[in-house]
Amino acid sequence: MAMHHNFYLVALSVIVAIQASYVGLYLALRISGAFALNRRLLIAASAMTLAVGIWGMHFIGMLSMGMAAEVDYLVLPTLLSFLLCVLVTGIAIFMASLRSPHLLTIAAGVMGLGIATMHYVGMIALNSSARMTYDPAYVVISFVIAVTVSGLALWLAFSADRRPPLFLCATFLGCAVSGMHYTAMEGTTFDFSLAAQSPSTSFMSSDTLAVIVSVVAFAISGIFMLTLVPKRLAESKDHADSKTGEDNADDFTDAVADRSADATANTLINGVSANLLPIEKNGNRFHIAASEVISVHANAHYTYVFNGRDDLFCTLSITEIFERLPKPVFYRTHRSYIVNLAHVGQVKKSGDAAVAELNSPVRRTVPISRARVADLRQELAAHQSRQHSDAS
């Protein structure tokens with residue numbers, strides 16, 4: 001039978017999908033630079049935000065339809081569809097955050113197939129009220145839309161050389177979700193001949209329920225944004241904007257002084273221990289060679305050494321670590337970060353400063369303070385020149 005929609009609720013469903021996509025991607029883009037517990041929290045929050053928004057969009061989309069009979073939703077399929085949505089978005093976001101082209105392709109497939117599967121699992125919840133038949137052509141088209149458009153959104157957000165505005169990426173992902181849903185619904189036929197024709201006894205109208213679901217989705221997104229985007233990020237940005245030229249010069253001078261101490265520092269530390277760092281992992285203590293270090297990050301009172309796959313706890317301060325690492329291969333991009341120039345893929349602008357994308361099995365970005373962007377580019381060019389000279 002033909003269906004008609006409340007276009008105000010249709011528009012609301014698309015808005016919910018786009019806002020959830022924006023917040024979910026915003027949090028996901030910070031996963032690569034996060035460590036330990038904060039990294040896991042960002043993955044969970046991004047997955048939950050996207051899942052609530054995607055599921056909410058589908059639910060509001062269902063409420064927008066004018067039904068010929070009262071519809072009851074079975075609890076188990078409804079909950080199962082939501083849990084499936086959380087699972088697939090979590091897997092997809094984690095894979096995409098690694099910034100590997102191969103894994104990004106898999107992430108697009110996982111997210112697209114997961115969104116479409118979640119839709120059809122959720123439709124089972126209507127089995128008690130109506131008999132449904134699906135047009136195979138529309139089923140295939142809905143899956144293709146979900147995979148291709150969500151894949152495009154993930155590629156633009158995580159892999160494009162020059163990432164477009166995040167809102168554009170979120171719009172693509174939101175359109176993938178809503179486009180898949182309404183395409184699938186267009187190919188769905190409902191038979192209410194077996195449904196009870198009793199008048200509706202619902203204590204809440206579809207419009208009110210849709211508004212409540214959308215408010216919950218917006219609230220969850222807002223809570224995660226407020227709690228997981230650290231205050232120190234905003235404070236450090238404000239601090240950077242308010243720094244005088246003299247302060248920037250001092251930071252830059254410190255970096256140059258650290259590099260000029262290169263030969264002296266390496267001479268003072270004897271033998272093999274000069275380039276070894278004490279590491280702790282799972283209660284075991286060992287040492288890691290400087291050649292295995294991709295980057296170093298100081299987080300409050302803790303310092304982590306990244307070897308390309310894992311963040312390893314180090315008992316030394318970041319200043320002590322920098323003194324042990326050979327220069328000019330290692331460069332201090334920020335008071336809290338050190339990178340191995342041999343593993344810097346490219347330097348990208350990020351707001352007033354920049355980030356260095358690392359070439360490692362687990363992709364990661366490292367922030368660069370504004371005063372050191374130009375110097376890092378020079379050091380990177382000099383390092384690449386030395387590599388070419390050595391190779392020839």
Quiz item: When hydrophobic residues are tied together by side-chain contacts of less than 4.5 Å, even through go-betweens, does Leu152 share a cluster with Leu168?
Solution: yes
Quiz item: How many angstroms lie between CD1 in Ile54 and OG in Ser81, if you round to the nearest 0.5 Å?
Solution: 11.5 Å
Self-check item: Partners meeting side-chain hydrogen bond (donor to acceptor under 3.5 Å, both in side chains) with Thr333 (sequence neighbours left out)
Solution: none
Practice problem: Could you please spell out the steps behind the side-chain contact (heavy atoms from CB on, under 4.5 Å) verdict for His181 and Met62? | Solution: CA-CA 9 Å; His181 172 82; Met62 293 300 298; 3.8 Å; yes
Practice problem: Taking all heavy atoms of Ala290 and all of Leu325, pick out the closest pair and write down the distance. | Solution: CB-CD2, 3.8 Å
Exercise. Taking all non-hydrogen atoms of both residues into account, name the closest pair between Ala28 and Ser46 and its distance.
Key: CB-OG, 3.6 Å
Quiz item: Are Asn359 and Ile294 side-chain neighbours, meaning at least one heavy-atom pair lies under 4.5 Å?
Solution: no
Self-check item: From OG1 (Thr78) to CD1 (Ile124), nearest 0.5 Å
Solution: 10.0 Å
Exercise. Check the pair Ile43, Arg40 against side-chain contact (heavy atoms from CB on, under 4.5 Å), reporting the backbone distance first and the verdict last.
Key: CA-CA 5 Å; Ile43 294 173; Arg40 292 189 288 272; 5.6 Å; no
Quiz item: For the residue pair Ala356 and Ile368, what are the closest heavy atoms and their distance?
Solution: N-CD1, 3.7 Å
Quiz item: To the nearest 0.5 Å, what is the distance between CD (Glu292) and CG (Leu312)?
Solution: 9.5 Å
Exercise. Compare all side-chain heavy atoms of Thr49 with those of Leu27 and state whether any distance is below 4.5 angstrom.
Key: yes
Practice problem: Would you give the length of the straight line joining atom SG of Cys169 to atom CD1 of Ile18, rounded to the nearest 0.5 angstrom? | Solution: 12.5 Å
Quiz item: Do Phe322 and Tyr331 have side-chain heavy atoms sitting under 4.5 Å apart?
Solution: no
Exercise. Check whether any side-chain heavy atom of Met185 sits under 4.5 Å from a side-chain heavy atom of Tyr138, and report yes or no.
Key: no
Output a table of donor-acceptor pairs, distance under 3.5 Å, between side-chain atoms of residues 103-115 and any protein atom two or more places apart or on a different chain; print 'none' if there are none.
residue : atom : partner : partner atom : Å
Thr105  : OG1  : Pro101  : O            : 3.0

Quiz prompt | side-chain hydrogen bond (donor to acceptor under 3.5 Å, both in side chains) against Thr315, all qualifying residues, sequence neighbours excluded | solution = none
Self-check item: Six-ring centre of Tyr26, Arg30 cation under 6.0 angstrom, axis tolerance 45°
Solution: yes
Quiz item: What is the minimum heavy-atom distance between Ser142 and Met180, and which atoms define it?
Solution: O-CG, 3.3 Å
Quiz prompt | Heavy-atom side-chain proximity of Arg372 to His334 below 4.5 angstrom | solution = no
Quiz item: With Tyr337, which of Val366, Ile318, Val296 fulfils side-chain contact (heavy atoms from CB on, under 4.5 Å)?
Solution: Val366
Exercise. Would you confirm whether Lys348, through its side chain, and Thr365, through its main-chain N or O, come within 3.5 Å as a donor-acceptor pair?
Key: no
Practice problem: Step by step, work out the side-chain contact (heavy atoms from CB on, under 4.5 Å) result for Asn6 and Leu63. | Solution: CA-CA 8 Å; Asn6 180 330; Leu63 293 175; over 6 Å; no
Quiz item: Should Val121 and Val140 be regarded as members of a common hydrophobic cluster, given that ILVMFWY residues are connected when their side-chain heavy atoms come within less than 4.5 Å of each other, either directly or indirectly?
Solution: no
Quiz item: Is Phe306 reachable from Val355 through a run of hydrophobic residues whose side-chain heavy atoms are each under 4.5 Å from the next?
Solution: no
Quiz item: Taking a hydrophobic cluster as the set of Ile, Leu, Val, Met, Phe, Trp and Tyr residues connected by side-chain heavy atoms closer than 4.5 Å, whether directly or through intermediates, do Phe286 and Val293 fall within one such cluster?
Solution: yes
Quiz prompt | CZ/Phe167: more than 12 non-hydrogen atoms of other groups inside 6.0 Å | solution = no
Quiz item: Near Tyr8 OH, under 6.0 Å, is it more than 12 heavy atoms from other residues, nucleotides or ligands?
Solution: no
Self-check item: Shared hydrophobic cluster for Tyr182 and Tyr134 (ILVMFWY, side-chain gaps under 4.5 Å)
Solution: yes
Quiz item: What closest approach, in Å, do Leu173 and Ser150 show between heavy atoms, and which atom pair accounts for it?
Solution: CD1-CB, 3.7 Å
Quiz item: When you check the gap from the basic side-chain N to the acidic O, do Asp375 and Arg332 get nearer than 4.0 Å?
Solution: no
Quiz item: So Trp55 and Phe82, would you call those rings parallel, tilted or perpendicular, with 30° and 60° as cut-offs?
Solution: perpendicular
Exercise. Would you check if the side chain of Asn340 reaches a backbone N or O of Phe330 as a donor-acceptor pair within less than 3.5 Å?
Key: no
Quiz item: Just by modelled atom types, is the Ser317 backbone N or O under 3.5 Å from a matching donor or acceptor in the Glu320 side chain?
Solution: yes
Practice problem: Evaluate side-chain contact (heavy atoms from CB on, under 4.5 Å) for Thr133 paired with Thr188, printing each intermediate quantity in order. | Solution: CA-CA 6 Å; Thr133 56; Thr188 304; over 6 Å; no
Quiz prompt | Gap between atom CG of Leu277 and atom SG of Cys314 - 0.5 Å precision | solution = 5.5 Å
Exercise. Verify, without hydrogens or angle tests, whether Ser389 (side chain) and Ser385 (backbone) share a donor-acceptor contact under 3.5 angstrom.
Key: yes
Quiz prompt | Close side-chain approach of Ser64 and Ser13, heavy atoms under 4.5 Å | solution = no
Quiz item: Where is the tightest heavy-atom contact between Glu379 and Pro328, given as atom of each residue plus distance?
Solution: OE1-CB, 4.0 Å
Quiz prompt | Side-chain heavy atoms of Val305 within contact of Asp311, under 4.5 Å | solution = no
Practice problem: Find out whether Val177 and His58 are in side-chain contact, i.e. whether some heavy atom of one side chain is under 4.5 Å from a heavy atom of the other. | Solution: yes
Quiz item: Which distance, rounded to the nearest 0.5 Å, do you find between the CG of Leu42 and the CD1 of Ile31?
Solution: 6.0 Å
